[in-house]
A.B. asks: 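Here's a structure for you.
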Amino acid sequence: MTEKKLALFPGCSLDGTGSEYGHSTMAVLEALGKPVDILEDWNCCGATAARGVDLGLSVRLAGRNLALGAKQGCDVLVACAACYNNMAFSRDHLEKHPEDFREPGFEHARPESVKVFHLLNILSDQATLDTIASKIKKPLKDLVLAAYYGCLLVRPGAYANVDDRENPQLMDKMMQLCGAETVDWSYKTDCCGGSASLTRKDAAMKLMARIFDDAMSRGANAIVTACPLCHMNLDAFQKDVAAELGRKISMPVFYFTELLALAMGLKGTAKWFKGHLTNPAPVVRNCR
Amino acid sequence: MSDAPEIKVSSETCYTQCFSCAKCTSGCPVADEMDIKPHQAMRLLQLDKGDELVAAASPWLCIGCQTCLGRCPNNVDIPSAFSRIRQEAIRRNQLDKAGNVPLFDDIMLSMIKRSGRVNDGLMAAKYKFKAGGLLKDWKMGLKMLKAGKMKLFMKGVSDTASVAALFEKHSEQSEDE
(Lines give C-alpha, C1' and ligand atoms only; values in the text may rest on other atoms or scores of the structure.)
Protein backbone atom coordinates (compact mmCIF):
# COMPACT_ATOMS: atom_id res chain seq x y z
CA MET A 1 0.00 0.00 0.00
CA THR A 2 2.63 2.48 1.00
CA GLU A 3 6.40 2.36 1.04
CA LYS A 4 6.71 5.50 3.11
CA LYS A 5 6.27 5.88 6.83
CA LEU A 6 2.73 6.72 7.93
CA ALA A 7 1.93 9.70 10.13
CA LEU A 8 -1.46 9.87 11.82
CA PHE A 9 -3.53 12.97 11.20
CA PRO A 10 -5.76 12.94 14.29
CA GLY A 11 -8.01 15.86 13.38
CA CYS A 12 -9.84 17.98 15.92
CA SER A 13 -12.42 15.38 16.99
CA LEU A 14 -9.84 12.84 18.09
CA ASP A 15 -8.38 15.47 20.41
CA GLY A 16 -11.84 16.52 21.58
CA THR A 17 -15.26 14.85 21.59
CA GLY A 18 -13.89 11.69 19.97
CA SER A 19 -10.86 11.21 22.19
CA GLU A 20 -11.69 7.54 22.78
CA TYR A 21 -11.32 6.99 19.02
CA GLY A 22 -7.86 8.58 19.21
CA HIS A 23 -6.73 6.51 22.16
CA SER A 24 -8.11 3.24 20.85
CA THR A 25 -6.57 3.89 17.42
CA MET A 26 -3.10 4.33 18.92
CA ALA A 27 -3.54 1.25 21.13
CA VAL A 28 -4.67 -0.97 18.25
CA LEU A 29 -1.91 0.20 15.88
CA GLU A 30 0.65 -0.44 18.61
CA ALA A 31 -0.73 -3.93 19.35
CA LEU A 32 -0.69 -4.84 15.64
CA GLY A 33 2.94 -3.80 15.29
CA LYS A 34 2.15 -0.70 13.23
CA PRO A 35 2.96 2.16 15.60
CA VAL A 36 2.66 5.63 14.04
CA ASP A 37 3.78 9.13 14.91
CA ILE A 38 1.37 12.03 14.95
CA LEU A 39 1.73 14.39 11.97
CA GLU A 40 3.69 17.30 13.44
CA ASP A 41 1.89 20.64 13.72
CA TRP A 42 -1.22 19.43 11.88
CA ASN A 43 -4.12 21.85 11.43
CA CYS A 44 -7.88 21.44 11.08
CA CYS A 45 -8.80 20.07 7.63
CA GLY A 46 -11.40 22.85 7.26
CA ALA A 47 -14.23 20.53 8.22
CA THR A 48 -17.72 21.28 6.96
CA ALA A 49 -17.33 25.05 7.30
CA ALA A 50 -14.55 25.61 4.77
CA ARG A 51 -15.80 22.91 2.40
CA GLY A 52 -19.26 24.44 2.52
CA VAL A 53 -18.46 28.06 1.69
CA ASP A 54 -14.95 28.30 0.25
CA LEU A 55 -13.57 25.37 -1.72
CA GLY A 56 -10.22 27.10 -2.28
CA LEU A 57 -9.72 27.55 1.45
CA SER A 58 -10.77 23.95 2.03
CA VAL A 59 -8.16 22.72 -0.46
CA ARG A 60 -5.46 24.89 1.15
CA LEU A 61 -6.25 23.92 4.75
CA ALA A 62 -6.16 20.21 3.96
CA GLY A 63 -3.24 20.89 1.61
CA ARG A 64 -1.09 22.29 4.42
CA ASN A 65 -1.37 18.94 6.19
CA LEU A 66 -0.38 17.07 3.05
CA ALA A 67 2.56 19.47 2.61
CA LEU A 68 3.59 18.76 6.21
CA GLY A 69 3.52 15.06 5.35
CA ALA A 70 5.75 15.73 2.35
CA LYS A 71 8.18 17.69 4.51
CA GLN A 72 8.22 14.99 7.17
CA GLY A 73 8.68 12.23 4.58
CA CYS A 74 5.37 10.54 5.44
CA ASP A 75 2.15 9.45 3.88
CA VAL A 76 -0.88 10.46 5.88
CA LEU A 77 -3.20 8.17 7.82
CA VAL A 78 -6.61 9.59 8.75
CA ALA A 79 -9.08 8.10 11.24
CA CYS A 80 -11.96 10.57 10.87
CA ALA A 81 -14.15 9.92 7.82
CA ALA A 82 -14.84 13.64 7.29
CA CYS A 83 -11.16 14.64 7.52
CA TYR A 84 -10.34 11.75 5.19
CA ASN A 85 -12.84 13.00 2.63
CA ASN A 86 -11.46 16.56 2.81
CA MET A 87 -7.84 15.46 2.55
CA ALA A 88 -8.60 13.17 -0.40
CA PHE A 89 -10.59 15.96 -2.09
CA SER A 90 -7.68 18.36 -1.63
CA ARG A 91 -5.14 15.86 -2.92
CA ASP A 92 -7.29 15.05 -5.94
CA HIS A 93 -7.63 18.77 -6.73
CA LEU A 94 -3.92 19.55 -6.20
CA GLU A 95 -2.92 16.69 -8.46
CA LYS A 96 -4.66 18.53 -11.29
CA HIS A 97 -3.90 22.05 -10.06
CA PRO A 98 -0.66 22.08 -8.05
CA GLU A 99 -0.59 25.87 -8.53
CA ASP A 100 -3.44 26.20 -6.02
CA PHE A 101 -1.10 25.48 -3.13
CA ARG A 102 1.85 27.86 -3.23
CA GLU A 103 2.52 28.76 0.37
CA PRO A 104 5.51 30.45 1.99
CA GLY A 105 7.47 27.89 3.98
CA PHE A 106 6.21 25.06 1.77
CA GLU A 107 7.91 26.02 -1.50
CA HIS A 108 9.43 22.61 -2.11
CA ALA A 109 6.79 20.46 -0.48
CA ARG A 110 4.53 18.79 -3.02
CA PRO A 111 1.29 18.04 -1.19
CA GLU A 112 -0.09 16.05 -4.11
CA SER A 113 2.80 13.58 -3.78
CA VAL A 114 1.51 12.42 -0.39
CA LYS A 115 -0.90 9.51 -0.24
CA VAL A 116 -3.93 9.59 2.03
CA PHE A 117 -5.25 6.46 3.73
CA HIS A 118 -8.20 5.87 5.99
CA LEU A 119 -7.52 3.78 9.09
CA LEU A 120 -10.02 1.12 8.03
CA ASN A 121 -8.04 0.54 4.81
CA ILE A 122 -4.76 0.12 6.63
CA LEU A 123 -6.27 -2.55 8.89
CA SER A 124 -8.25 -4.61 6.40
CA ASP A 125 -5.61 -6.22 4.18
CA GLN A 126 -5.36 -10.00 4.57
CA ALA A 127 -2.05 -9.99 6.47
CA THR A 128 -3.39 -7.57 9.07
CA LEU A 129 -6.66 -9.49 9.37
CA ASP A 130 -4.62 -12.66 10.00
CA THR A 131 -2.67 -10.86 12.72
CA ILE A 132 -5.88 -9.63 14.31
CA ALA A 133 -7.31 -13.18 14.22
CA SER A 134 -4.23 -14.53 15.96
CA LYS A 135 -4.56 -11.97 18.75
CA ILE A 136 -8.22 -12.42 19.67
CA LYS A 137 -8.42 -13.15 23.39
CA LYS A 138 -11.98 -12.19 24.26
CA PRO A 139 -14.37 -12.81 21.37
CA LEU A 140 -17.21 -10.30 21.11
CA LYS A 141 -19.86 -12.69 22.37
CA ASP A 142 -23.54 -11.71 22.09
CA LEU A 143 -22.70 -8.52 20.24
CA VAL A 144 -24.98 -8.06 17.21
CA LEU A 145 -23.65 -5.10 15.28
CA ALA A 146 -25.00 -2.80 12.65
CA ALA A 147 -21.77 -1.77 10.89
CA TYR A 148 -22.34 1.87 10.03
CA TYR A 149 -19.91 3.34 7.50
CA GLY A 150 -21.67 6.67 7.16
CA CYS A 151 -21.44 8.84 4.09
CA LEU A 152 -18.05 10.46 3.72
CA LEU A 153 -15.90 7.35 4.00
CA VAL A 154 -17.47 5.68 0.99
CA ARG A 155 -17.88 8.64 -1.39
CA PRO A 156 -17.11 9.54 -3.99
CA GLY A 157 -15.86 6.67 -6.10
CA ALA A 158 -12.90 8.53 -7.51
CA TYR A 159 -10.97 8.26 -4.28
CA ALA A 160 -13.05 6.24 -1.84
CA ASN A 161 -11.10 3.10 -1.10
CA VAL A 162 -13.80 0.62 -0.08
CA ASP A 163 -14.82 -2.77 -1.40
CA ASP A 164 -18.36 -1.66 -2.29
CA ARG A 165 -19.63 1.93 -2.11
CA GLU A 166 -23.28 0.99 -1.56
CA ASN A 167 -22.87 -2.14 0.52
CA PRO A 168 -19.35 -2.15 2.00
CA GLN A 169 -18.21 -5.19 3.99
CA LEU A 170 -14.76 -4.17 5.31
CA MET A 171 -15.90 -3.39 8.83
CA ASP A 172 -18.46 -6.23 8.91
CA LYS A 173 -15.74 -8.78 8.14
CA MET A 174 -13.39 -7.30 10.72
CA MET A 175 -16.06 -7.45 13.42
CA GLN A 176 -17.02 -11.03 12.50
CA LEU A 177 -13.37 -11.93 12.89
CA CYS A 178 -13.60 -10.54 16.42
CA GLY A 179 -16.50 -12.87 17.21
CA ALA A 180 -19.39 -10.46 16.73
CA GLU A 181 -22.40 -11.00 14.55
CA THR A 182 -23.23 -8.30 11.99
CA VAL A 183 -26.62 -7.62 10.44
CA ASP A 184 -27.43 -7.07 6.78
CA TRP A 185 -29.16 -3.69 6.73
CA SER A 186 -30.12 -0.81 4.48
CA TYR A 187 -28.69 2.33 6.03
CA LYS A 188 -24.99 1.54 6.40
CA THR A 189 -23.92 4.31 4.02
CA ASP A 190 -26.72 6.80 4.64
CA CYS A 191 -25.80 10.15 6.19
CA CYS A 192 -26.66 10.64 9.89
CA GLY A 193 -26.89 14.41 9.47
CA GLY A 194 -23.83 15.06 11.63
CA SER A 195 -23.06 18.36 9.91
CA ALA A 196 -26.60 19.60 10.61
CA SER A 197 -27.17 18.35 14.15
CA LEU A 198 -26.54 21.83 15.59
CA THR A 199 -27.88 24.08 12.85
CA ARG A 200 -30.89 22.04 11.72
CA LYS A 201 -31.57 19.54 14.42
CA ASP A 202 -34.95 18.47 13.03
CA ALA A 203 -33.39 17.36 9.74
CA ALA A 204 -30.66 15.43 11.54
CA MET A 205 -33.21 13.73 13.82
CA LYS A 206 -35.16 12.46 10.81
CA LEU A 207 -32.06 10.92 9.28
CA MET A 208 -31.00 9.31 12.54
CA ALA A 209 -34.50 7.95 13.13
CA ARG A 210 -34.27 5.93 9.89
CA ILE A 211 -30.87 4.58 10.85
CA PHE A 212 -31.88 3.47 14.34
CA ASP A 213 -35.22 2.12 13.17
CA ASP A 214 -33.63 -0.15 10.57
CA ALA A 215 -30.71 -1.20 12.80
CA MET A 216 -33.11 -2.24 15.58
CA SER A 217 -35.55 -3.94 13.23
CA ARG A 218 -32.73 -6.11 11.92
CA GLY A 219 -31.92 -7.23 15.44
CA ALA A 220 -28.74 -5.27 16.12
CA ASN A 221 -27.99 -4.40 19.73
CA ALA A 222 -25.22 -1.91 18.97
CA ILE A 223 -23.75 0.21 16.20
CA VAL A 224 -20.10 0.26 15.17
CA THR A 225 -18.63 3.17 13.25
CA ALA A 226 -15.38 4.61 11.87
CA CYS A 227 -16.33 8.30 12.06
CA PRO A 228 -16.21 10.58 15.13
CA LEU A 229 -19.00 12.80 13.79
CA CYS A 230 -21.34 9.83 13.31
CA HIS A 231 -20.35 8.59 16.76
CA MET A 232 -21.05 11.89 18.50
CA ASN A 233 -24.33 12.31 16.69
CA LEU A 234 -25.72 8.78 17.15
CA ASP A 235 -24.41 8.44 20.72
CA ALA A 236 -25.66 11.78 22.05
CA PHE A 237 -29.16 12.27 20.66
CA GLN A 238 -30.91 8.93 21.22
CA LYS A 239 -33.56 10.41 23.52
CA ASP A 240 -34.51 13.07 20.98
CA VAL A 241 -34.57 10.55 18.15
CA ALA A 242 -36.74 8.22 20.23
CA ALA A 243 -39.27 11.03 20.55
CA GLU A 244 -39.22 11.52 16.77
CA LEU A 245 -39.49 7.79 16.10
CA GLY A 246 -41.98 6.93 18.84
CA ARG A 247 -39.84 3.96 19.75
CA LYS A 248 -37.44 3.54 22.66
CA ILE A 249 -33.78 3.52 21.70
CA SER A 250 -30.91 2.28 23.78
CA MET A 251 -28.17 1.39 21.41
CA PRO A 252 -24.52 1.77 22.34
CA VAL A 253 -22.31 3.16 19.57
CA PHE A 254 -18.72 1.93 19.31
CA TYR A 255 -15.65 2.89 17.33
CA PHE A 256 -14.42 -0.18 15.49
CA THR A 257 -11.03 0.35 17.13
CA GLU A 258 -12.59 0.08 20.60
CA LEU A 259 -14.08 -3.28 19.68
CA LEU A 260 -10.80 -4.49 18.15
CA ALA A 261 -9.08 -3.51 21.40
CA LEU A 262 -11.77 -5.21 23.48
CA ALA A 263 -11.46 -8.44 21.49
CA MET A 264 -7.67 -8.39 21.66
CA GLY A 265 -7.84 -7.83 25.42
CA LEU A 266 -6.03 -4.49 25.32
CA LYS A 267 -6.04 -2.12 28.26
CA GLY A 268 -8.08 1.07 28.23
CA THR A 269 -11.51 -0.07 27.04
CA ALA A 270 -13.24 0.55 30.39
CA LYS A 271 -11.89 4.10 30.45
CA TRP A 272 -12.91 4.80 26.84
CA PHE A 273 -16.42 3.49 27.43
CA LYS A 274 -16.86 6.07 30.19
CA GLY A 275 -16.66 8.71 27.48
CA HIS A 276 -19.81 7.34 25.83
CA LEU A 277 -23.16 8.99 26.49
CA THR A 278 -25.11 5.77 25.84
CA ASN A 279 -23.75 3.25 28.30
CA PRO A 280 -22.11 0.31 26.46
CA ALA A 281 -21.79 -1.89 29.58
CA PRO A 282 -24.97 -3.97 29.06
CA VAL A 283 -23.99 -5.21 25.59
CA VAL A 284 -20.33 -5.99 26.32
CA ARG A 285 -21.10 -7.81 29.56
CA ASN A 286 -20.26 -11.20 28.05
CA CYS A 287 -17.06 -10.14 26.28
CA ARG A 288 -14.73 -10.96 29.15
CA MET B 1 -28.59 37.06 -17.02
CA SER B 2 -27.00 40.12 -15.57
CA ASP B 3 -25.44 38.56 -12.52
CA ALA B 4 -24.73 35.12 -13.89
CA PRO B 5 -21.04 35.61 -14.75
CA GLU B 6 -20.37 36.48 -11.11
CA ILE B 7 -21.51 33.07 -9.97
CA LYS B 8 -18.26 31.25 -10.18
CA VAL B 9 -19.22 27.63 -10.20
CA SER B 10 -15.99 25.92 -11.06
CA SER B 11 -16.01 24.12 -14.38
CA GLU B 12 -14.69 21.15 -12.40
CA THR B 13 -18.10 20.57 -10.95
CA CYS B 14 -19.02 19.44 -14.50
CA TYR B 15 -22.56 20.79 -14.19
CA THR B 16 -22.70 21.13 -17.98
CA GLN B 17 -22.56 17.32 -18.15
CA CYS B 18 -25.83 16.87 -16.26
CA PHE B 19 -28.56 15.23 -18.36
CA SER B 20 -31.25 15.49 -15.68
CA CYS B 21 -31.60 11.80 -14.87
CA ALA B 22 -32.48 12.86 -11.31
CA LYS B 23 -30.56 10.02 -9.68
CA CYS B 24 -29.13 12.69 -7.37
CA THR B 25 -32.55 13.83 -6.26
CA SER B 26 -33.77 10.24 -5.78
CA GLY B 27 -30.95 9.49 -3.36
CA CYS B 28 -30.67 12.86 -1.60
CA PRO B 29 -31.63 12.40 2.06
CA VAL B 30 -32.90 15.98 2.36
CA ALA B 31 -34.45 16.46 -1.11
CA ASP B 32 -37.96 16.42 0.36
CA GLU B 33 -37.22 19.74 2.07
CA MET B 34 -35.52 21.39 -0.89
CA ASP B 35 -37.30 24.12 -2.85
CA ILE B 36 -35.13 23.44 -5.90
CA LYS B 37 -34.13 19.76 -6.24
CA PRO B 38 -30.48 18.91 -6.98
CA HIS B 39 -31.05 17.97 -10.66
CA GLN B 40 -33.15 21.12 -11.15
CA ALA B 41 -30.35 23.16 -9.62
CA MET B 42 -27.87 21.87 -12.20
CA ARG B 43 -30.35 22.69 -14.95
CA LEU B 44 -30.65 26.27 -13.68
CA LEU B 45 -26.88 26.61 -13.86
CA GLN B 46 -26.88 25.32 -17.42
CA LEU B 47 -29.50 27.92 -18.29
CA ASP B 48 -27.45 30.68 -16.68
CA LYS B 49 -30.12 31.15 -14.04
CA GLY B 50 -27.81 30.84 -11.10
CA ASP B 51 -29.38 33.88 -9.45
CA GLU B 52 -32.45 31.83 -8.65
CA LEU B 53 -30.26 29.34 -6.90
CA VAL B 54 -28.45 32.00 -4.88
CA ALA B 55 -31.83 33.12 -3.56
CA ALA B 56 -33.03 29.58 -2.83
CA ALA B 57 -32.97 27.53 0.36
CA SER B 58 -31.57 24.36 -1.23
CA PRO B 59 -27.86 25.26 -1.10
CA TRP B 60 -28.22 25.80 2.65
CA LEU B 61 -30.13 22.57 3.18
CA CYS B 62 -27.47 20.39 1.51
CA ILE B 63 -25.71 18.46 4.29
CA GLY B 64 -22.71 17.59 2.17
CA CYS B 65 -23.06 13.79 2.33
CA GLN B 66 -22.07 13.48 -1.36
CA THR B 67 -24.56 10.71 -2.09
CA CYS B 68 -25.46 12.56 -5.30
CA LEU B 69 -21.84 12.78 -6.42
CA GLY B 70 -21.18 9.15 -5.56
CA ARG B 71 -24.08 8.00 -7.72
CA CYS B 72 -23.99 10.52 -10.58
CA PRO B 73 -23.30 8.77 -13.90
CA ASN B 74 -21.55 11.93 -15.13
CA ASN B 75 -19.61 12.74 -11.98
CA VAL B 76 -21.28 16.11 -11.48
CA ASP B 77 -20.02 17.52 -8.19
CA ILE B 78 -23.27 18.98 -6.89
CA PRO B 79 -22.03 19.58 -3.30
CA SER B 80 -19.16 21.69 -4.67
CA ALA B 81 -21.57 23.61 -6.88
CA PHE B 82 -23.76 24.31 -3.83
CA SER B 83 -20.66 25.43 -1.95
CA ARG B 84 -19.91 27.98 -4.68
CA ILE B 85 -23.51 29.16 -4.57
CA ARG B 86 -23.35 29.65 -0.78
CA GLN B 87 -20.10 31.59 -1.19
CA GLU B 88 -21.82 33.85 -3.70
CA ALA B 89 -24.88 34.29 -1.45
CA ILE B 90 -22.55 35.38 1.37
CA ARG B 91 -20.78 37.81 -0.97
CA ARG B 92 -24.13 39.32 -1.95
CA ASN B 93 -25.36 39.19 1.63
CA GLN B 94 -28.42 37.36 0.37
CA LEU B 95 -28.88 35.16 3.41
CA ASP B 96 -32.58 35.20 4.23
CA LYS B 97 -32.91 31.44 3.64
CA ALA B 98 -29.57 30.48 5.18
CA GLY B 99 -30.82 29.93 8.73
CA ASN B 100 -28.04 29.58 11.27
CA VAL B 101 -25.59 27.92 8.89
CA PRO B 102 -23.45 31.06 8.28
CA LEU B 103 -23.26 31.71 12.04
CA PHE B 104 -22.03 28.16 12.64
CA ASP B 105 -19.51 28.35 9.78
CA ASP B 106 -18.21 31.71 11.02
CA ILE B 107 -17.60 30.41 14.53
CA MET B 108 -15.77 27.37 13.19
CA LEU B 109 -13.67 29.25 10.65
CA SER B 110 -12.63 31.94 13.14
CA MET B 111 -11.48 29.21 15.54
CA ILE B 112 -9.41 27.62 12.77
CA LYS B 113 -7.95 30.96 11.74
CA ARG B 114 -6.96 31.81 15.30
CA SER B 115 -5.50 28.57 16.59
CA GLY B 116 -5.35 26.29 13.56
CA ARG B 117 -7.67 23.79 15.18
CA VAL B 118 -11.24 23.47 16.43
CA ASN B 119 -12.17 22.68 20.01
CA ASP B 120 -15.38 20.95 18.95
CA GLY B 121 -17.02 20.80 22.39
CA LEU B 122 -16.43 24.50 23.03
CA MET B 123 -17.46 25.37 19.50
CA ALA B 124 -20.85 23.70 20.05
CA ALA B 125 -21.32 25.63 23.31
CA LYS B 126 -20.33 28.90 21.66
CA TYR B 127 -22.76 28.28 18.82
CA LYS B 128 -25.57 27.44 21.26
CA PHE B 129 -24.82 30.63 23.17
CA LYS B 130 -25.06 32.80 20.06
CA ALA B 131 -27.93 30.98 18.37
CA GLY B 132 -29.93 30.69 21.58
CA GLY B 133 -30.60 27.36 23.22
CA LEU B 134 -27.66 27.11 25.57
CA LEU B 135 -30.06 27.06 28.50
CA LYS B 136 -32.31 24.49 26.88
CA ASP B 137 -29.42 22.14 26.25
CA TRP B 138 -27.50 22.63 29.48
CA LYS B 139 -28.15 19.02 30.44
CA MET B 140 -26.36 17.81 27.34
CA GLY B 141 -23.47 20.16 28.09
CA LEU B 142 -23.21 18.79 31.59
CA LYS B 143 -23.29 15.21 30.31
CA MET B 144 -20.51 16.01 27.86
CA LEU B 145 -18.39 17.66 30.55
CA LYS B 146 -18.86 14.65 32.79
CA ALA B 147 -17.90 12.22 30.02
CA GLY B 148 -14.75 14.27 29.41
CA LYS B 149 -15.88 15.22 25.91
CA MET B 150 -15.78 18.95 26.54
CA LYS B 151 -12.24 20.19 26.94
CA LEU B 152 -11.63 23.70 28.20
CA PHE B 153 -8.17 23.80 26.73
CA MET B 154 -6.87 22.20 23.57
CA LYS B 155 -3.43 22.50 22.07
CA GLY B 156 -3.35 24.57 18.89
CA VAL B 157 -0.97 24.73 15.93
CA SER B 158 2.52 26.14 16.71
CA ASP B 159 2.97 27.88 13.38
CA THR B 160 -0.34 29.77 13.44
CA ALA B 161 0.95 32.37 10.96
CA SER B 162 1.15 29.77 8.20
CA VAL B 163 -2.48 28.79 8.84
CA ALA B 164 -3.71 32.39 8.94
CA ALA B 165 -1.93 32.94 5.62
CA LEU B 166 -4.17 30.29 4.02
CA PHE B 167 -7.13 32.57 4.73
CA GLU B 168 -5.56 35.59 3.02
CA LYS B 169 -6.37 34.33 -0.46
CA HIS B 170 -10.03 34.14 0.46
CA SER B 171 -11.23 36.08 -2.56
CA GLU B 172 -8.51 36.00 -5.17
CA GLN B 173 -7.82 32.28 -5.47
CA SER B 174 -11.08 30.61 -4.71
CA GLU B 175 -12.41 31.76 -8.05
CA ASP B 176 -12.93 29.77 -11.15
CA GLU B 177 -9.82 28.92 -13.07
Side-chain angles (χ1 to χ4, degrees), chain A residues 12-13 15-19 41-44 46-58 60-61 63-64 85 93 96-97 100 103-106 150-152 154-158 160 165-166 189-191 193-196 198-200 203-204 206-207 210 232 236-237 274-277, chain B residues 10 12 29-30 33 61-67 69-70 75 77 79-80 82-84 86-87 90 99-106 108-109 111-112 116-121 124 127-128 131 140 143-144 147-151 154-155 157-159 162-163 165-167 169-170 173-175 177:
Chain A
C12 305
S13 292
D15 258 12
T17 53
S19 60
D41 213 36
W42 61 273
N43 60 273
C44 172
T48 52
R51 186 80 176 264
V53 293
D54 189 338
L55 293 174
L57 178 62
S58 179
R60 290 193 296 279
L61 280 167
R64 181 179 177 274
N85 192 292
H93 178 89
K96 294 172 207 144
H97 301 280
D100 281 351
E103 299 300 320
F106 294 98
C151 52
L152 294 177
V154 298
R155 299 191 185 95
R165 288 183 309 175
E166 297 288 350
T189 62
D190 275 46
C191 179
S195 69
L198 285 169
T199 49
R200 292 195 303 118
K206 249 199 230 170
L207 301 184
R210 296 182 207 166
M232 180 72 222
F237 296 111
K274 280 193 187 131
H276 291 214
L277 300 179
Chain B
S10 159
E12 280 183 29
V30 291
E33 297 173 58
L61 297 176
C62 168
I63 46 176
C65 72
Q66 301 170 20
T67 306
L69 172 57
N75 225 9
D77 189 349
S80 288
F82 277 153
S83 174
R84 298 281 184 188
R86 282 194 290 261
Q87 188 173 26
I90 291 169
N100 280 334
V101 178
L103 170 67
F104 179 81
D105 290 347
D106 272 353
M108 193 187 259
L109 288 176
M111 264 186 175
I112 301 173
R117 294 179 194 167
V118 173
N119 182 331
D120 53 356
Y127 168 80
K128 287 271 174 194
M140 174 67 79
K143 252 173 121 176
M144 286 184 52
K149 285 195 177 295
M150 192 98 89
K151 296 191 171 58
M154 207 185 256
K155 195 173 169 280
V157 166
S158 313
D159 183 11
S162 74
V163 177
L166 304 174
F167 284 78
K169 295 173 186 163
H170 227 295
Q173 225 191 25
S174 53
E175 292 175 4
E177 53 284 316

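Residue numbering restarts at 1 for every chain, and letters A, B, ... go by the order of the sequence lines.
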A.B. asks: Quick one, B/Ser80 and A/Leu55 - any side-chain contact, counting heavy atoms below 4.5 Å?
C.D. replies: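 Yes, side chains in contact.
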A.B. asks: Only pairs of heavy atoms separated by less than 4.5 Å count here; which of B/Ile63, B/Asp77, B/Val101 has the most with chain A?
C.D. replies: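 That would be B/Ile63.
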A.B. asks: Quick one, B/Met108 and A/Thr48 - any side-chain contact, counting heavy atoms below 4.5 Å?
C.D. replies: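 They are in contact (side-chain heavy atoms under 4.5 Å apart), so the answer is yes.
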A.B. asks: Can you tell me which portion of B/Ile112 sits under 4.5 Å from chain A's heavy atoms? Options are side chain, backbone, both or neither.
C.D. replies: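 When you check distances to chain A, only side chain atoms of B/Ile112 fall under 4.5 Å.
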A.B. asks: Could you have a look at B/Lys128, B/Met150, B/Met111, B/Met140 and say which one has the most heavy-atom pairs with chain A under 4.5 angstrom?
C.D. replies: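 Ranked by contacts with chain A, first place is B/Met140.
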A.B. asks: Is a side-chain donor or acceptor of B/Asp120 paired with a backbone partner of A/Thr17 at a separation under 3.5 angstrom?
C.D. replies: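 Flag set: sc B/Asp120 to bb A/Thr17 pair under 3.5 Å.
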A.B. asks: Pair B/Leu166, A/Glu103 - check side-chain contact (heavy atoms from CB on, under 4.5 Å), show working.
C.D. replies: CA-CA 8 Å; B/Leu166 304 174; A/Glu103 299 300 320; 3.5 Å; yes
A.B. asks: With side chains defined as the heavy atoms from C-beta onward, is the minimum distance between B/Val157 and A/Arg64 less than 4.5 Å?
C.D. replies: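 Yes, close enough: below the 4.5 Å cut-off.
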A.B. asks: Flag the one option from B/Gly121, B/Ser158, B/Gly148, B/Pro102 with the top tally of heavy-atom pairs under 4.5 Å to chain A.
C.D. replies: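 Ranked by heavy-atom pairs under 4.5 Å with chain A, first place is B/Ser158.
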A.B. asks: Side chain from CB out, backbone as N, CA, C, O: work out which of these in B/Ala124 comes under 4.5 Å of a heavy atom of chain A, or both, or neither.
C.D. replies: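 Contact with chain A involves both backbone and side-chain atoms of B/Ala124.
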A.B. asks: Tell me, please, which residues at least two apart from A/Asp190 pass salt bridge (Lys or Arg N to Asp or Glu O under 4.0 Å).
C.D. replies: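 Salt bridge (Lys or Arg N to Asp or Glu O under 4.0 Å) check on A/Asp190 returns nothing, list empty.
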A.B. asks: Measure A/Ser19 against the heavy atoms of chain B and call it side chain, backbone, both or neither at under 4.5 Å.
C.D. replies: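 For A/Ser19, side-chain heavy atoms alone lie under 4.5 Å from chain B.
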A.B. asks: Please look at A/Leu207 and chain B and tell me whether the side chain, the backbone, both or neither of the residue comes under 4.5 angstrom of a heavy atom of that chain.
C.D. replies: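 Contact with chain B is through the side chain of A/Leu207 alone.
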A.B. asks: Looking at side-chain heavy atoms only, is the closest gap between B/Val30 and A/Lys206 below 4.5 Å?
C.D. replies: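 B/Val30 does not reach A/Lys206 side chain to side chain.
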A.B. asks: Do you know which two heavy atoms are closest between A/Ala203 and B/Glu33, and how far apart they sit?
C.D. replies: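 Of all heavy-atom pairs spanning A/Ala203 and B/Glu33, the closest is CB-OE2, 3.8 Å.
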A.B. asks: Should A/Arg60 and B/Phe167 count as side-chain neighbours, where that means a heavy-atom distance under 4.5 Å?
C.D. replies: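 A side-chain contact under 4.5 Å is absent here.
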A.B. asks: Determine yes or no for a side-chain-to-main-chain donor-acceptor pair under 3.5 angstrom, with A/Thr199 supplying the side chain and B/Asn100 the backbone.
C.D. replies: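 Checking the backbone N and O of B/Asn100 against the side chain of A/Thr199, no donor-acceptor pair under 3.5 Å is found.
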A.B. asks: Heavy atoms, side chains only, cut-off 4.5 Å: are B/Ile90 and A/Asp54 in contact?
C.D. replies: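 Contact flag for B/Ile90/A/Asp54 side chains = no.
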A.B. asks: Measuring from atom CG of B/Asp105 to atom CZ of A/Arg51, what distance do you get when rounded to the nearest 0.5 angstrom?
C.D. replies: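 Rounded to the nearest 0.5 Å, the CG-CZ separation comes out at 13.5 Å.
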A.B. asks: Run the side chain to side chain donor-acceptor pair (under 3.5 Å) test against B/Asp106 and tell me which residues pass, sequence neighbours left out.
C.D. replies: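 If we apply the side chain to side chain donor-acceptor pair (under 3.5 Å) test to B/Asp106, skipping adjacent residues, there are no hits.
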A.B. asks: So which part of B/Lys143 gets closer than 4.5 Å to some heavy atom of chain A, the side chain, the backbone, both or neither?
C.D. replies: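 When you check distances to chain A, atoms from both the backbone and side chain of B/Lys143 fall under 4.5 Å.
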A.B. asks: Is a side-chain donor or acceptor of B/Arg86 paired with a backbone partner of A/Gly52 at a separation under 3.5 angstrom?
C.D. replies: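 Yes, B/Arg86 side chain to A/Gly52 backbone: donor-acceptor pair under 3.5 Å.
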A.B. asks: Side chain, backbone, both or neither: which part of B/Asn119 has a non-hydrogen atom closer than 4.5 Å to chain A?
C.D. replies: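 It is neither, since no heavy atom gets under 4.5 Å.
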A.B. asks: Heavy-atom distances under 4.5 Å only: say whether A/Arg210 touches chain B with side chain, backbone, both or neither.
C.D. replies: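 Interface part for A/Arg210: side chain.
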A.B. asks: Over all heavy atoms of both residues, which pair between B/Met144 and A/Leu277 is shortest? Give the atoms and the distance, please.
C.D. replies: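 Heavy atoms of B/Met144 and A/Leu277 come nearest at CG-CD1, 4.3 Å.
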A.B. asks: Name the member of B/Lys155, B/Arg117, B/Lys149 that forms the most heavy-atom pairs with chain A at distances under 4.5 Å.
C.D. replies: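 Of B/Lys155, B/Arg117, B/Lys149, B/Arg117 has the most heavy-atom pairs under 4.5 Å with chain A.
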A.B. asks: Under the 3.5 angstrom rule, does the side chain of A/Asp15 hit a backbone N or O of B/Met154 as a donor-acceptor pair?
C.D. replies: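 Such a contact is absent between A/Asp15 side chain and B/Met154 backbone.
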A.B. asks: Is it the backbone or the side chain of B/Leu61 that comes under 4.5 Å from a heavy atom of chain A, or both, or neither?
C.D. replies: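 Both parts, backbone and side chain.
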